[in-house]
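Read the structure below first, then the notes.
We count ligands from 1, going down the list as the structure has it; atoms in each ligand are counted the same way. Just so it is clear, the values below take in all heavy atoms, side chains as well, and ignore hydrogens, waters and symmetry mates.
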Amino acid sequence: MRLDVVTIFPEYLEPLNVSLVGKARARGQLDVHVHDLRAWTYDRHNTVDDTPYGGGPGMVMKTEPWGDALDTVLADGYEAGSREPALIVPTPSGRPFTQDLAVRLSERPWLVFTPARYEGIDRRVIDEYATRMPVYEVSIGDYVLAGGEAAVLVVTEAVARLLPGVLGNAESHRDDSFAPGAMAGLLEGPVYTKPPGWRGRGIPEVLLSGHHGRIARWRRDEALRRTTAHRPDLIERCDPQAFDKKDREM
Ligand SMILES: Nc1cc(-c2ccc3ccn(Cc4ccccn4)c3c2)[nH]n1
(Lines give C-alpha, C1' and ligand atoms only; values in the text may rest on other atoms or scores of the structure.)
Protein backbone atom coordinates (compact mmCIF):
# COMPACT_ATOMS: atom_id res chain seq x y z
CA MET A 1 0.00 0.00 0.00
CA ARG A 2 1.12 3.52 -0.83
CA LEU A 3 0.19 6.45 1.40
CA ASP A 4 0.66 10.09 0.45
CA VAL A 5 0.03 12.89 2.97
CA VAL A 6 -0.07 16.57 1.99
CA THR A 7 0.13 18.89 5.02
CA ILE A 8 1.48 22.24 6.24
CA PHE A 9 2.85 20.39 9.29
CA PRO A 10 4.98 17.51 7.89
CA GLU A 11 6.66 17.13 11.28
CA TYR A 12 3.28 16.16 12.75
CA LEU A 13 3.54 12.92 10.77
CA GLU A 14 6.87 11.91 12.36
CA PRO A 15 5.04 9.19 14.38
CA LEU A 16 4.60 7.34 11.07
CA ASN A 17 8.31 6.52 11.37
CA VAL A 18 7.95 4.56 14.62
CA SER A 19 6.20 1.49 16.05
CA LEU A 20 3.78 -0.58 13.98
CA VAL A 21 3.62 1.77 10.97
CA GLY A 22 7.36 2.42 11.08
CA LYS A 23 8.09 -1.31 11.06
CA ALA A 24 5.62 -1.89 8.20
CA ARG A 25 7.48 0.81 6.22
CA ALA A 26 10.85 -0.74 7.01
CA ARG A 27 9.54 -4.11 5.80
CA GLY A 28 8.25 -2.55 2.61
CA GLN A 29 4.61 -3.30 3.44
CA LEU A 30 3.80 0.39 3.46
CA ASP A 31 5.24 3.12 1.24
CA VAL A 32 4.63 6.50 2.92
CA HIS A 33 5.34 9.90 1.35
CA VAL A 34 4.76 13.09 3.35
CA HIS A 35 4.67 16.36 1.39
CA ASP A 36 4.78 19.97 2.65
CA LEU A 37 1.92 21.88 1.00
CA ARG A 38 3.99 25.07 1.13
CA ALA A 39 6.33 23.56 -1.49
CA TRP A 40 3.53 24.49 -3.94
CA THR A 41 3.34 28.16 -2.95
CA TYR A 42 5.28 30.80 -4.87
CA ASP A 43 4.80 34.01 -2.91
CA ARG A 44 7.18 35.43 -0.32
CA HIS A 45 4.98 34.32 2.60
CA ASN A 46 4.18 30.85 1.24
CA THR A 47 0.51 31.68 1.54
CA VAL A 48 -1.92 28.73 1.76
CA ASP A 49 -5.03 30.46 3.09
CA ASP A 50 -7.33 33.43 2.51
CA THR A 51 -10.52 34.97 3.90
CA PRO A 52 -13.79 33.09 3.34
CA TYR A 53 -16.22 34.21 0.61
CA GLY A 54 -19.45 35.20 2.33
CA GLY A 55 -17.53 36.42 5.39
CA GLY A 56 -17.33 34.66 8.73
CA PRO A 57 -14.54 33.75 11.12
CA GLY A 58 -11.24 32.12 10.30
CA MET A 59 -9.50 31.43 7.02
CA VAL A 60 -9.99 28.92 4.21
CA MET A 61 -7.20 26.95 2.51
CA LYS A 62 -6.70 28.09 -1.08
CA THR A 63 -7.36 25.97 -4.19
CA GLU A 64 -4.12 26.56 -6.08
CA PRO A 65 -1.54 25.08 -3.67
CA TRP A 66 -3.74 22.02 -3.11
CA GLY A 67 -4.39 21.54 -6.82
CA ASP A 68 -0.70 21.83 -7.73
CA ALA A 69 0.28 19.54 -4.84
CA LEU A 70 -2.28 16.84 -5.62
CA ASP A 71 -1.50 16.90 -9.35
CA THR A 72 2.20 16.35 -8.56
CA VAL A 73 1.59 13.71 -5.88
CA LEU A 74 -0.77 11.77 -8.14
CA ALA A 75 1.59 12.00 -11.13
CA ASP A 76 4.50 10.76 -8.98
CA GLY A 77 2.41 7.88 -7.63
CA TYR A 78 1.29 6.78 -11.09
CA GLU A 79 4.86 7.11 -12.30
CA ALA A 80 5.95 4.80 -9.49
CA GLY A 81 3.33 2.27 -10.59
CA SER A 82 0.59 2.91 -8.04
CA ARG A 83 -3.01 2.79 -9.21
CA GLU A 84 -6.56 3.47 -8.04
CA PRO A 85 -5.90 6.25 -5.54
CA ALA A 86 -8.56 7.28 -3.02
CA LEU A 87 -8.66 10.71 -1.40
CA ILE A 88 -9.03 10.66 2.39
CA VAL A 89 -10.22 14.00 3.72
CA PRO A 90 -10.32 14.34 7.53
CA THR A 91 -13.11 16.72 8.55
CA PRO A 92 -15.43 17.23 11.54
CA SER A 93 -18.31 17.04 9.05
CA GLY A 94 -17.31 13.68 7.58
CA ARG A 95 -18.79 10.19 7.90
CA PRO A 96 -17.68 8.39 11.08
CA PHE A 97 -14.40 6.52 10.68
CA THR A 98 -15.24 2.97 11.81
CA GLN A 99 -13.53 -0.42 11.83
CA ASP A 100 -15.63 -1.36 8.80
CA LEU A 101 -14.26 1.64 6.92
CA ALA A 102 -10.72 0.80 8.12
CA VAL A 103 -11.15 -2.67 6.60
CA ARG A 104 -12.40 -1.23 3.32
CA LEU A 105 -9.51 1.25 3.14
CA SER A 106 -6.98 -1.48 3.99
CA GLU A 107 -8.03 -3.28 0.80
CA ARG A 108 -7.10 -0.31 -1.40
CA PRO A 109 -3.65 0.06 -3.01
CA TRP A 110 -3.19 3.82 -2.52
CA LEU A 111 -4.54 6.41 -0.07
CA VAL A 112 -3.91 10.15 -0.48
CA PHE A 113 -4.56 12.11 2.73
CA THR A 114 -5.36 15.83 2.70
CA PRO A 115 -5.33 16.99 6.33
CA ALA A 116 -6.32 20.65 6.37
CA ARG A 117 -6.02 23.43 8.92
CA TYR A 118 -7.88 26.74 9.42
CA GLU A 119 -11.59 26.24 8.59
CA GLY A 120 -10.85 23.61 5.94
CA ILE A 121 -10.08 23.43 2.21
CA ASP A 122 -11.96 25.36 -0.52
CA ARG A 123 -14.72 22.91 -1.52
CA ARG A 124 -13.76 23.12 -5.19
CA VAL A 125 -10.60 21.09 -4.50
CA ILE A 126 -12.60 18.09 -3.21
CA ASP A 127 -15.14 18.48 -6.04
CA GLU A 128 -12.33 18.52 -8.62
CA TYR A 129 -10.64 15.33 -7.42
CA ALA A 130 -13.94 13.57 -6.79
CA THR A 131 -14.23 13.44 -10.61
CA ARG A 132 -11.10 11.26 -10.72
CA MET A 133 -11.21 9.00 -7.64
CA PRO A 134 -13.29 7.95 -4.63
CA VAL A 135 -13.28 10.58 -1.88
CA TYR A 136 -13.76 9.57 1.76
CA GLU A 137 -14.55 12.52 4.02
CA VAL A 138 -14.03 11.07 7.50
CA SER A 139 -14.51 12.20 11.07
CA ILE A 140 -12.59 10.39 13.82
CA GLY A 141 -15.02 11.43 16.54
CA ASP A 142 -17.55 13.92 17.83
CA TYR A 143 -15.06 16.56 18.93
CA VAL A 144 -13.36 19.35 17.05
CA LEU A 145 -9.61 19.33 16.41
CA ALA A 146 -7.51 22.22 15.06
CA GLY A 147 -6.60 20.25 11.93
CA GLY A 148 -6.62 16.88 10.22
CA GLU A 149 -3.12 15.55 10.95
CA ALA A 150 -4.12 13.67 14.13
CA ALA A 151 -6.88 11.99 12.10
CA VAL A 152 -4.27 10.87 9.53
CA LEU A 153 -2.29 9.17 12.32
CA VAL A 154 -5.45 7.46 13.61
CA VAL A 155 -6.65 6.27 10.20
CA THR A 156 -3.16 5.15 9.14
CA GLU A 157 -2.65 3.05 12.27
CA ALA A 158 -6.12 1.48 12.09
CA VAL A 159 -5.56 0.60 8.40
CA ALA A 160 -1.88 -0.47 8.65
CA ARG A 161 -2.54 -3.03 11.41
CA LEU A 162 -5.01 -4.77 9.10
CA LEU A 163 -2.47 -5.24 6.30
CA PRO A 164 -1.36 -8.87 5.94
CA GLY A 165 1.74 -9.66 8.01
CA VAL A 166 1.89 -6.29 9.76
CA LEU A 167 0.59 -7.56 13.10
CA GLY A 168 2.98 -10.12 14.61
CA ASN A 169 0.20 -12.44 15.83
CA ALA A 170 -2.34 -12.80 13.01
CA GLU A 171 -4.96 -13.63 15.66
CA SER A 172 -4.62 -10.20 17.27
CA HIS A 173 -7.08 -8.29 15.18
CA ARG A 174 -9.54 -11.17 14.74
CA ASP A 175 -10.90 -10.55 18.27
CA ASP A 176 -10.85 -6.78 18.01
CA SER A 177 -13.80 -5.12 19.72
CA PHE A 178 -15.21 -3.93 16.44
CA ALA A 179 -14.23 -6.87 14.25
CA PRO A 180 -16.81 -9.46 13.13
CA GLY A 181 -17.11 -12.62 15.25
CA ALA A 182 -18.82 -13.83 18.44
CA MET A 183 -17.48 -10.82 20.35
CA ALA A 184 -18.59 -8.71 17.36
CA GLY A 185 -19.22 -5.16 18.36
CA LEU A 186 -18.50 -5.67 22.06
CA LEU A 187 -15.84 -3.75 23.95
CA GLU A 188 -12.77 -5.59 25.20
CA GLY A 189 -12.99 -6.98 28.74
CA PRO A 190 -10.15 -6.71 31.31
CA VAL A 191 -6.76 -8.36 30.69
CA TYR A 192 -4.17 -9.61 33.21
CA THR A 193 -0.60 -10.93 33.18
CA LYS A 194 2.14 -11.89 35.66
CA PRO A 195 2.85 -11.33 38.54
CA PRO A 196 -0.14 -13.20 40.06
CA GLY A 197 -0.21 -10.79 42.98
CA TRP A 198 0.40 -7.02 42.89
CA ARG A 199 -0.19 -4.58 45.73
CA GLY A 200 -2.60 -7.08 47.30
CA ARG A 201 -4.54 -7.54 44.06
CA GLY A 202 -4.85 -11.04 42.57
CA ILE A 203 -6.14 -12.54 39.30
CA PRO A 204 -9.77 -13.66 38.68
CA GLU A 205 -9.71 -17.38 39.65
CA VAL A 206 -11.32 -18.51 36.39
CA LEU A 207 -8.30 -17.25 34.42
CA LEU A 208 -6.05 -19.57 36.45
CA SER A 209 -8.44 -22.55 36.09
CA GLY A 210 -7.18 -23.79 32.72
CA HIS A 211 -10.84 -24.44 31.79
CA HIS A 212 -11.02 -22.84 28.34
CA GLY A 213 -14.80 -22.99 28.10
CA ARG A 214 -15.30 -21.22 31.40
CA ILE A 215 -12.58 -18.70 30.55
CA ALA A 216 -14.23 -17.88 27.20
CA ARG A 217 -17.61 -17.51 28.88
CA TRP A 218 -16.15 -15.26 31.60
CA ARG A 219 -14.47 -13.07 28.96
CA ARG A 220 -17.73 -12.82 27.00
CA ASP A 221 -19.64 -11.88 30.15
CA GLU A 222 -17.05 -9.25 31.08
CA ALA A 223 -17.21 -7.82 27.54
CA LEU A 224 -21.02 -7.66 27.77
CA ARG A 225 -20.83 -5.99 31.20
CA ARG A 226 -18.32 -3.42 30.02
CA THR A 227 -20.24 -2.73 26.80
CA THR A 228 -23.52 -2.29 28.71
CA ALA A 229 -21.80 0.19 31.00
CA HIS A 230 -19.88 2.20 28.41
CA ARG A 231 -21.59 1.64 25.03
CA PRO A 232 -25.19 0.38 25.45
CA ASP A 233 -25.75 1.46 21.84
CA LEU A 234 -23.51 -1.41 20.71
CA ILE A 235 -25.57 -4.02 22.57
CA GLU A 236 -28.50 -3.66 20.16
CA ARG A 237 -26.18 -4.18 17.19
CA CYS A 238 -24.51 -7.40 18.26
CA ASP A 239 -25.99 -10.82 17.45
CA PRO A 240 -27.20 -12.62 20.62
CA GLN A 241 -27.45 -15.89 18.63
CA ALA A 242 -23.67 -15.69 18.14
CA PHE A 243 -23.28 -16.01 21.90
CA ASP A 244 -25.63 -19.00 22.17
CA LYS A 245 -23.72 -20.68 19.34
CA LYS A 246 -20.41 -19.88 21.03
CA ASP A 247 -21.83 -21.14 24.37
CA ARG A 248 -22.68 -24.47 22.77
CA GLU A 249 -19.09 -24.72 21.48
CA MET A 250 -17.59 -23.91 24.91
N1 LIG B 1 -13.18 14.38 13.96
C2 LIG B 1 -12.62 15.61 13.70
C3 LIG B 1 -11.93 16.01 12.53
C4 LIG B 1 -11.57 17.31 12.73
C5 LIG B 1 -10.87 18.20 11.78
C6 LIG B 1 -10.31 17.68 10.61
C7 LIG B 1 -9.70 18.52 9.69
C8 LIG B 1 -9.66 19.89 9.95
C9 LIG B 1 -9.18 21.00 9.22
C10 LIG B 1 -9.43 22.14 9.97
N11 LIG B 1 -10.05 21.77 11.12
C12 LIG B 1 -10.48 22.69 12.15
C13 LIG B 1 -11.96 22.96 11.99
C14 LIG B 1 -12.66 23.34 13.08
C15 LIG B 1 -14.01 23.60 12.94
C16 LIG B 1 -14.62 23.48 11.74
C17 LIG B 1 -13.87 23.08 10.68
N18 LIG B 1 -12.52 22.80 10.79
C19 LIG B 1 -10.22 20.40 11.13
C20 LIG B 1 -10.83 19.57 12.05
N21 LIG B 1 -12.01 17.70 13.93
N22 LIG B 1 -12.65 16.64 14.52
Residues pairing under side chain to side chain donor-acceptor pair (under 3.5 Å) where one sits in residues 73-82, two or more places apart or in two chains, turn out to be none
Residue pairs meeting side chain to side chain donor-acceptor pair (under 3.5 Å), one or both in residues 142-156, sequence neighbours left out, come to Thr7-Glu149, Arg117-Glu149
The answer, listing residues by chain and number that come under 4.0 Å of ligand 1 through any heavy atom, is Pro90, Thr91, Pro92, Ala116, Arg117, Tyr118, Glu119, Ser139, Ile140, Gly141, Tyr143, Val144, Leu145, Ala146, Gly147, Gly148
Those residues at least two apart in sequence (or on a different chain) that pass side-chain hydrogen bond (donor to acceptor under 3.5 Å, both in side chains) with Thr131 are none
Original post:
Can a donor-acceptor pair be found between the side chains of Trp66 and Asp122 at a distance below 3.5 Å?
Top reply: no
Do Trp40 and Thr72 pair up side chain to side chain, a donor and an acceptor below 3.5 Å, judged on atom types alone? yes
* Do Arg25 and Leu16 have side chains that get closer than 4.5 Å, going by heavy atoms? -> yes
